[in-house]
Amino acid sequence: MSDRDLRDWDAVRRRLEDAEKALSNTGTPTREEMDRVFRKRAEELARPLSLLAESRNESILVFRAGGVRFGMPLTHIAEVVSNPKIAKVPGAPSEIAGLIQVRGDVRPVWNLPALLGLNTQDAAPSQTGQILLLRHAAQEIGILADSIENTAQYDSEKIRQSPGNLPGTLITDDFVTVLDVKTLFARFQGSTTI
Amino acid sequence: MKIGTRILAGYGAALIVFAIVSVVSYRATSELVQSTSAAAHTYQVRQNLSNILTSLTDAETGQRGYLLTGREDYLDPYNSGTRTVDQYVQEVRMLTSDNPRQQTRIGALQPLIAEKLSLLAQAIQLRRQQKDKAALDVVMTDRGRQTMMDIRRIVTDMDNEENSILAARTQRANQTASFASQTIVAGALASVVLIALIALLIQRSIVGPLVSFMELARRVGEGDLTQQTKINRTDELGELGGHLDQMVTGLKEVAKQSSLVAENLSAATVEILASTQQQAAGTAEQAAAVQQANATMAELSQSGAQVAERAKQVVTAAEAVSSSSASGLQAVRDTNRTMEGIREQAEAVAENVIRLSEKTQAVGDIISSVNDIAEQSHLLALNASIQAAAAGEHGRSFSVVANEMKNLAAQSKQATVQVRSILGEIQKGINTSVMLTEEAVKRADSGRQQSQVADRTIRQLADNLEESIRAFQQIVAGSGQQQIGFEQVTQAFRNIGIASQETANSTKQSEKAVANLSALAQQLRGLVGRYRV
C-alpha cells in the first residue's frame, strides 16, 4: 500500500513540473507563429489594386440598433465613440435621443429605430452604448447603437432594394440592412420639419 | 328476668309488708300512749276541781265554826281554804288552756268564788266586831248558799266536760289498737305467704337446672360426651348451661384430636422404626463410601500437584504477554502522535489551498483588466479602420494593420473568456481540495480517538494480565496448602468412619426408644377410647 502511495506521489510531482514548464513557456510566441502572421500580412499587402477595383467591394461597419443589424459604409463614418454621456433635450421629438460632446463640439444623436419607424421592443432607447458619428454634407450626426459587431465587405452588385420603406438595401448572405446616408438625412429633415 | 333480680324482688315485697306493719304498730302504740297521758290530765283537772270545792267547803266550815264559837282557832280551816282555792283555780285554768269552753266556765267561776269569799269575810268581820246578829243576817240572806250552788253547778259541768273528753279519747285509742292488731295479723300472714312463694321460686328456677347440670357432669365424668344441657334460658343458669355445653364440645374436640394424635403417633412410630432400620443400612453404606472417598482423595492430591505445575507455566506465558502489551501500548502512543501530525499538516494544506484560491481571485482581476484593454484596443482598431477607409487608396496598408489589430483584440477577448472558465474550474478544484482536506482532518481525528481507545484497551488488558498472574501465583501458593488440606480431609474421613460406628450403636438405642414410644401410643389410644364422642 505504501509503495503504491509513493508511486502516485511521484506521478503528481511529474505533472506539477510539466504544468510549471508550460506556464513559463507561454507569453513568448513561437517562431512558426510569427512567420505565419508575417506571411499573411505580406499576402494582404501584395494583393494587386485592379483586383480590388473589380471586386467593387465596399467596406461597411455592422452594428445593432433596436434588435436589427444595420450596415453603414465606412466612408460615411467619421468616428466610433464608446459610452459617451448623452444629454437629453427637453421637448425634443422621439427621433432625437439627445446631445453629445466630442472633443469640444456638440453633436445631435438620432434614435435610429424611431427615425425608421420600426416597432422596437423597448420604446425608450438605451442611453448607453456606442455612438457612430456619421459625416454628410459637412454635417456630423450621431447614431445610437446597442453594440458594434465588426467591419465587413460587401459586393454592391448583390445589393437589392429592401422591402418596405426602409431607406437601404439588404445583403442576402447575412441579412444586414445597409443604410443610405443621403436618404437617412433627407428623412430626418422631413420628419423634423413636419 | 335474672334469678338475682327475682330473689331481690321477693325479699323486697316481704320487706314492704314488714314496713307497713311496723308503721301501723308504731302509730297505734303512740296513740295509746297519748290517750293514756290524756286520761291522766283529765284526772288531774277533776282532782283540782274537787279540791276547789273542798277548799270552799273548808272555808265555809271554818266561818260557821267561828260564828258559832267566836274562837279564833275555829278559823284555821277558813284560813287554809281561802289560801288554797286561788291556787287550785289557777291550776285548772292552766290545765284547760287548750279548751275555750272550760276557760269561759272558769271566767264565770272566778267572780262567784270571789263573791262567796267576800261574803264569808264580811260575816267573820261582823262577828269579830261582836255584831253577832248582823253576821247571822249576812248568813241568813241566803246569798252564800245560792253562790255556793252556782259554783257547784259550774264545777259539775266542767267535770262532766272533762269526763266526756276522756271517754272520746279512750274510744279512739281502742279503735286504733284494734286496727293495729288486725294489721299485724294480716301482715304476718302476707309475709309468710310471700316467703313461701320466694322459696318455691328459688327451688323451681335454681335447683331444677342444677340437678340437670349435675347429671350432665356425672355423665361427662363417666366419659359420655354426647350429652347437652338442653336449657334455653337467658339468666345466669342459661349462661352456665351454655358454658357447660361449650365445655363439653371442647372436650369432645380434645378427645377426637387426642384419638387422631394417638393414631398418628402409632403410624409415626412405625415410620420411625422403618427409618431407623434404613439409617442402620445407610450407616453401613456410609462406611463403604468413606473408603471410596479416601481413594478419591489420593487421586485429587496427585492432580492438585499437576495443577500447580500448569499454573507455573501459565504465569511464565502471561509475563511474556505482559511485556509485549507494553510495547503495543508504546506503538499505539506513537500512532496517536503521528495522527496528530497528520492533522496539523492537513490543516496547513487547507491554509495553502485557501491562499491559492485568493491568488486565483487576483488572476481574475487581472483578466478583467485585460478584457477591458482588449475592448479598448478593438475600438481603437475600428476607428483606425474608419480612418483608413477615409484615406481611400492611401490608407489601404494601414487598413490591413488596423484589421489585424482588430483580430488580435478579438483573440485577446476570447483568450480572457477561456482563462476565466479555467479559473472557474481551478476554483472548483480548490473547493474540492478544501473539502477533502477537511475530511482528512476528521479522519485523522477519529484515528487519534481510536488509537486512544486502543491505548485504554491495551492498558486494561495489561491490568487484567497482571491480575491473572497474581491469581495464578496464588494458585501455585494455594496448591501447597491444598496438599495439607487433602491430608486433613483424609484424617476427617477416618473420624467419619469412627463416627458411623457410633451412629450404628445409637441407632440400636433409637430402635429401643421407638419400641417404648409405640407402647406409649397404645396406652394413649386406650385412654382416649374411654370417651364416647
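Note on naming: letters A, B, ... go to the chains in the order of the sequence lines (proteins, then strands), and numbering restarts at 1 for each one.
- Listed in order of number, the residues of residues 405-415 of chain B that approach chain A to under 4.5 Å between heavy atoms are Lys406(B).
- Between Asn403(B) and Thr151(A), some side-chain heavy-atom pair lies under the 4.5 Å cut-off.
- The CG atom of Asn83(A) sits 9.0 Å away from atom CG of Leu379(B), with the distance rounded to the nearest 0.5 Å.
- By the neighbour-count criterion of 12 heavy atoms within 6.0 Å, atom CD of Gln313(B) is densely surrounded, having more than that number from other residues, nucleotides or ligands.
- Although no hydrogens or angles enter the test, the distance criterion places a donor-acceptor pair under 3.5 Å between the side chain of Gln387(B) and the main chain of Ala78(A).
- Within a 6.0 Å sphere centred on CD of Gln361(B), other residues, nucleotides and ligands contribute 12 heavy atoms or fewer.
- Between Leu74(A) and Ala389(B) the shortest heavy-atom distance is CB-CB, 3.5 Å.
- Note that NE2 of His76(A) is 13.0 Å distant from CD1 of Ile386(B), once rounded to the nearest 0.5 Å.
- Formation of a donor-acceptor pair under 3.5 Å by the Asn383(B) side chain with backbone atoms of Glu79(A) is not found in this model.
- More than 12 heavy atoms of other residues, nucleotides or ligands sit less than 6.0 Å from atom CD of Glu140(A).
- Atoms CD and CG, on Gln130(A) and Leu382(B) in that order, are 8.5 Å from each other to the nearest 0.5 Å.
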